[in-house]
Amino acid sequence: MYSEKVMDHFQNPRNVGEIENASGVGTVGNAKCGDIMRMYLDIDDNGIIRDVKFKTFGCGAAVATSSMATELVKGKSIQEALQVTNKAVMEALDGLPPVKVHCSLLAEEAIHAALWDYAQKNSIKIEGLSKPKSDIHEGEEDESEEY
Ligand code: FES
């Protein structure tokens with residue numbers, strides 16, 4: 001069963017759409033289910049995430065987790081945004097059924113991919129950010145796994 005917060009974010013997702021001339025755009029796919037997520041970040045000169053939008057061909061859990069993730073990174077610094085893990089997002093949503101945990105990885109990876117794109121465009125290095133995967137494969141839910 002889904003929590004009320006998951007249902008709320010699924011039915012009224014926040015920050016859906018795209019940002020023209022975004023500072024960074026990240027797209028990731030989930031090989032397990034074929035779902036796709038794209039995240040747009042607008043980052044100001046001080047490295048603060050002014051705006052964030054997402055689009056997805058994804059399931060309800062992917063929509064809800066992305067919606068919550070965008071709320072959590074909006075107005076934050078890049079370093080703070082990196083702390084927004086899928087676990088943090090799931091906690092903020094009062095949990096997800098175990099079979100849906102992999103869906104929450106799309107949001108986290110898409111944010112990382114968008115930050116990576118931003119870093120590439122500006123020739124900077126973001127401390128603690130390694131090259132994101134473009135696909136989330138089965139068995140990679142374990143967040144202790146290095147990539
Ligand atoms: Fe694909 Fe949820 S089933 S992201």
- Note on the structure: Of all heavy-atom pairs linking A62 and M37, the shortest is O-CE, 3.8 Å
- Please round to the nearest 0.5 Å and tell me the distance separating atom CE of M68 and atom CG of L96. 10.5 Å
- d(F10 CZ, S66 OG) to nearest 0.5 Å is 12.0 Å
- Item | Distance-minimising heavy-atom pair for L72 and A88 | CD1-O, 4.4 Å
- Task: Output yes when a side-chain donor or acceptor of Q11 lies under 3.5 Å from a complementary backbone atom of V6, and no otherwise.
- Result: no
- Item | Distance (rounded to the nearest 0.5 Å) between K76 NZ and I111 CD1 | 10.5 Å
- Note on the structure: The reported gap from CE in M90 to NZ in K100 (rounded to nearest 0.5 angstrom) is 13.0 Å
- Message: Using side chain to side chain contact (heavy atoms under 4.5 Å, CB included), reason through Y118 and I124 one step at a time and then give a plain yes or no.
- Response: CA-CA 8 Å; Y118 167 75; I124 56 168; 3.7 Å; yes
- Task: Begin from the C-alpha positions of S3 and D94 and carry the test side chain to side chain donor-acceptor pair (under 3.5 Å) through to its verdict.
- Result: CA-CA 6 Å; S3 72; D94 295 336; 4.9 Å; no
- Query: Are L93 and V16 linked, directly or through other ILVMFWY residues, by side chains that come within less than 4.5 angstrom of each other?
  - Reply: yes
- Where the side chain of D44 meets the backbone of I48, is there a donor-acceptor pair that is under 3.5 Å apart? yes
- Closest approach of H9 to V63 (non-hydrogen atoms, all atoms of both residues): O-CG1, 4.0 Å
- Message: For the backbone of R14 and the side chain of S67, can you confirm whether one donor and one acceptor N or O come within less than 3.5 Å of each other?
- Response: yes
- N30 to H102 - nearest heavy-atom pair and separation: ND2-CD2, 3.1 Å
- At what distance, to the nearest 0.5 angstrom, does OH of Y40 lie from OG1 of T70? 13.5 Å
- Task: Quickly, which of L41, N122, V25 forms a side chain to side chain contact (heavy atoms under 4.5 Å, CB included) with D117? Name it, please.
- Result: V25
- Message: Among residues at least two apart in sequence or on other chains, which ones pass side-chain hydrogen bond (donor to acceptor under 3.5 Å, both in side chains) with E80?
- Response: S77
- Query: Do L129 and W116 pass the side chain to side chain contact (heavy atoms under 4.5 Å, CB included) test, and can you show the C-alpha distance, the side-chain angles, and the key distance before you say yes or no?
  - Reply: CA-CA 7 Å; L129 179 68; W116 182 263; 4.0 Å; yes
- Evaluate side chain to side chain contact (heavy atoms under 4.5 Å, CB included) for C103 paired with D35, printing each intermediate quantity in order. CA-CA 9 Å; C103 313; D35 290 350; over 6 Å; no
- So, are D42 and R50 salt-bridged, with charged N and O less than 4.0 Å apart? yes
- Query: What closest approach, in Å, do K55 and G17 show between heavy atoms, and which atom pair accounts for it?
  - Reply: CG-O, 3.5 Å
- Message: Using the rule that Ile, Leu, Val, Met, Phe, Trp and Tyr join whenever any side-chain heavy atoms are under 4.5 Å apart, tell me whether V73 and I78 fall into a single cluster.
- Response: yes
- A113 versus P132, closest heavy-atom pair with distance: CA-CG, 3.4 Å
- Message: Taking I36 as the starting point, is it possible to reach V89 by hopping between hydrophobic residues whose side chains are less than 4.5 Å apart?
- Response: no
- Query: Atom NZ of K53 and atom NZ of K74: how far apart are they, to the nearest 0.5 Å?
  - Reply: 5.5 Å
- Are any side-chain N or O atoms of S23 and backbone N or O atoms of I43, one a donor and one an acceptor, separated by less than 3.5 Å? yes
- Item | side chain to side chain contact (heavy atoms under 4.5 Å, CB included) evaluation trace for E127 with L82 | CA-CA 9 Å; E127 195 76 29; L82 279 178; over 6 Å; no
